[in-house]
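Not measured: the values here are computed from a predicted model. Hydrogens, waters and symmetry mates are skipped; everything else that's a heavy atom, side chains included, is used.
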Amino acid sequence: MAVQRMTIRGVSICYDTARPDGPVRHRVFLLSAPGATISSWRLIVQELLRAGCLCVMADMPGFGQSAFSEDMPIEQSLRARYMWGLLDEMDLQSEGQLQCWHLMGNGSACGTIAEMAMQQPDSASSLFMVSPILYSLLTPPVRALVSRRFFENVIASWMRRHIAPEKAFARLAERLYARPLTEERLKELRRPLLRLIGHEEIVRHMLLSGYKVDTGELSKLFMPAMIIWGGRDALLGGSIPHRLRERDFPSAEYHLLPTAGHYAMETNSRAVCDFLRGWIREMWSA
């Protein structure tokens, strides 16, 4: 894999590519959530390469190794346009024409790929989501508090307690991953989050506007979709929301991994690859 950068509408986005040894049978886009990085997909990519997939992995604008900016896109629909800009430019440079892509995401990146599918449904072959955040994480009373300017001080205090100290961040990461992480991995995850300290308005904007997805349109998507959920997801809870499964995205195929946290593609990669292998065989190669 070779780390590269592309500037889309003034925003620098970091991405990696990986090509199979043989002919390209499928094209896959893997988008990292703000709290993850491109390397979160490293174990999944090996399975995809064996299936003949050209893989493009990207960090969310402003996170991971992508350049941080106060003007980075926050709204999911806007992020989706930037991501299509990246893929369209790559298609035109390499193939001379636009291609169809299988879209994969984790956490709030799932909202971005869902918006990508809604914006260009004929270019999205399938959706593969790990612990998708497709709703706001805020209850109405909490949202009212976050909307007030003073809440930036609350955010600053929280980041000073949970992100800035290495030991506190290790405890937070262990809770989200449902297992301890290596010191090297913790440094990799913590480094881009440290850039948010002193930019609490961006975090407040993310909490208010960074998780919105038009779920009314989500249920109309016609491409195949699979959702993996962690039974020990400390952020979303260990059960798949009834609203998601029965109303907003009833056409998706759902799987619950009892021992997985929020990042199953990294911590429970063998199980995720097992589902992915069958998914490729049944849905992509039909």
Check whether any side-chain N or O of S209 sits under 3.5 Å from a backbone N or O of M206 as a donor-acceptor pair, and report yes or no.
no
Side-chain touch I8/M83, heavy atoms, less than 4.5 angstrom
no
Looking at side-chain heavy atoms only, is the closest gap between F68 and I202 below 4.5 Å?
yes
Atom of A18, atom of V45 and distance for their closest heavy-atom approach
CB-CG1, 4.1 Å
Take D16 and Q4 through the side chain to side chain contact (heavy atoms under 4.5 Å, CB included) test and state the conclusion after the steps.
CA-CA 6 Å; D16 282 357; Q4 302 173 69; over 6 Å; no
Apply side chain to side chain contact (heavy atoms under 4.5 Å, CB included) to residues E166 and E183 and explain how you reach the verdict.
CA-CA 9 Å; E166 293 182 4; E183 183 177 344; 5.5 Å; no
When you look at E201 and H199, which way does the side-chain hydrogen bond (donor to acceptor under 3.5 Å, both in side chains) test go after all the steps?
CA-CA 5 Å; E201 171 57 23; H199 298 277; over 6 Å; no
So does M265 get a backbone contact from the side chain of S269, meaning a donor-acceptor N/O pair under 3.5 Å?
no
Hey, mind stepping through T37 and R185 against side-chain hydrogen bond (donor to acceptor under 3.5 Å, both in side chains) and telling me if it holds?
CA-CA 10 Å; T37 63; R185 183 65 177 136; 3.0 Å; yes
How many angstroms lie between atom NZ of K187 and atom OG1 of T182, to the nearest 0.5 angstrom?
10.0 Å
Minimum heavy-atom separation for A164 and L194, please, with both atom names.
CA-CD2, 4.0 Å
So does P250 get a backbone contact from the side chain of R245, meaning a donor-acceptor N/O pair under 3.5 Å?
no
Side-chain contact test, heavy atoms from C-beta onward, threshold under 4.5 Å: evaluate it for Q120 versus D88 and give yes or no.
yes
Atom pair CG (L218) and CZ (F249), whose distance is rounded to the nearest 0.5 Å:
4.5 Å
Just jot down the salt bridge (Lys or Arg N to Asp or Glu O under 4.0 Å) partners of K220, sequence neighbours excluded, or say none.
E217
Any side-chain heavy atom of Q119 within less than 4.5 Å of one from S77?
yes
With a 4.5 Å cut-off on side-chain heavy-atom distances among I, L, V, M, F, W and Y, is there a chain of contacts connecting L54 to L92?
no
N/O donor-acceptor pair under 3.5 Å between S219 side chain and G216 backbone:
yes
If we only count heavy atoms from C-beta on, is the V56 to L30 side-chain gap below 4.5 Å?
no
Quick one: does R195's side chain have a donor or acceptor within less than 3.5 Å of a partner on G62's backbone?
yes
d(L208 CG, E75 CD) to nearest 0.5 Å is 10.5 Å
Quick check: are there more than 12 heavy atoms from other residues, nucleotides or ligands sitting under 6.0 Å from CZ of R277?
yes
Just by distance, do the side chain of N106 and the backbone of V130 share a donor-acceptor pair under 3.5 Å?
yes
Are M72 and F63 close enough that some pair of their side-chain heavy atoms sits under 4.5 Å apart?
yes
Qualifying residue, where the test is side chain to side chain contact (heavy atoms under 4.5 Å, CB included) with L103 and the options are M223, M129, M116
M116
Over all heavy atoms of both residues, which pair between I227 and A252 is shortest? Give the atoms and the distance, please.
CD1-CB, 4.1 Å
Partners passing salt bridge (Lys or Arg N to Asp or Glu O under 4.0 Å) against R81 (at least two apart in sequence or in another chain):
none
For the hydrophobic clusters of this structure (ILVMFWY residues joined by side-chain heavy atoms under 4.5 Å, transitively), does one cluster hold both Y211 and Y135?
yes
W229 side chain to G237 main-chain N or O, any donor-acceptor pair under 3.5 Å?
yes
If you count every heavy atom of other residues, nucleotides or ligands that lies below 6.0 Å from Q93 atom CD, does the total exceed 12?
yes
Partners of Y263 by ring-ring contact (aromatic ring centres under 6.0 Å, His included), sequence neighbours excluded?
Y177
Please check if M226 and Y254 belong to a single hydrophobic cluster, counting links between Ile, Leu, Val, Met, Phe, Trp and Tyr side chain heavy atoms closer than 4.5 Å.
yes
What distance do C53 atom SG and H26 atom NE2 have between them, rounded to the nearest 0.5 Å?
5.0 Å
For I38, does its backbone N or O pair with a side-chain atom of S32 as donor and acceptor, under 3.5 Å?
yes
Using side chain to side chain contact (heavy atoms under 4.5 Å, CB included), reason through C110 and L134 one step at a time and then give a plain yes or no.
CA-CA 7 Å; C110 295; L134 301 175; 4.3 Å; yes
R50 with E47: basic N within carboxylate O range, under 4.0 Å:
yes
In terms of hydrophobic clustering (I, L, V, M, F, W, Y; side-chain heavy atoms under 4.5 Å; direct or indirect links), are L235 and L138 co-clustered?
yes
Interatomic distance, R79 atom CZ to S108 atom OG [nearest 0.5 angstrom]
5.5 Å
Test item: M104 and L48 side chains (from C-beta on) under 4.5 Å apart, heavy atoms
yes
Minimum heavy-atom distance between A264 and L257, given as atom pair plus value
CB-CD1, 4.0 Å
Which atom pair, heavy atoms only, marks the closest approach of S147 to R204?
O-NH1, 2.8 Å
pair V3-Q65: side-chain heavy atoms closer than 4.5 Å:
yes
Output, in order, the C-alpha distance, side-chain angles, deciding distance and verdict of side chain to side chain contact (heavy atoms under 4.5 Å, CB included) for W279 and S126.
CA-CA 10 Å; W279 179 251; S126 73; 4.0 Å; yes
Surrounding CZ of R27 (heavy atoms of other residues, nucleotides or ligands, distance under 6.0 Å), is the total greater than 12?
yes
What's the spacing between L244 CG and T215 OG1 if we round to 0.5 Å?
9.5 Å
Minimal heavy-atom distance between E188 and S39, with the atoms involved, is OE2-OG, 2.7 Å
May I ask whether F275 and I44 are part of the same hydrophobic cluster, defined by side-chain heavy atoms of I, L, V, M, F, W, Y residues being less than 4.5 angstrom apart, directly or through others?
yes
Look at the side chain of D59 and the backbone N and O of C14, then say whether any donor-acceptor pair between them is shorter than 3.5 Å.
no
Keeping D91 on the side-chain end and L86 on the backbone end, is there a donor-acceptor pair under 3.5 Å?
no
Quick one: is the NZ or CZ of R5 closer than 6.0 Å to the six-membered ring centre of Y15, and within 45° of its axis?
no
In this structure, are over 12 heavy atoms from other groups packed under 6.0 Å from R175 atom CZ?
no
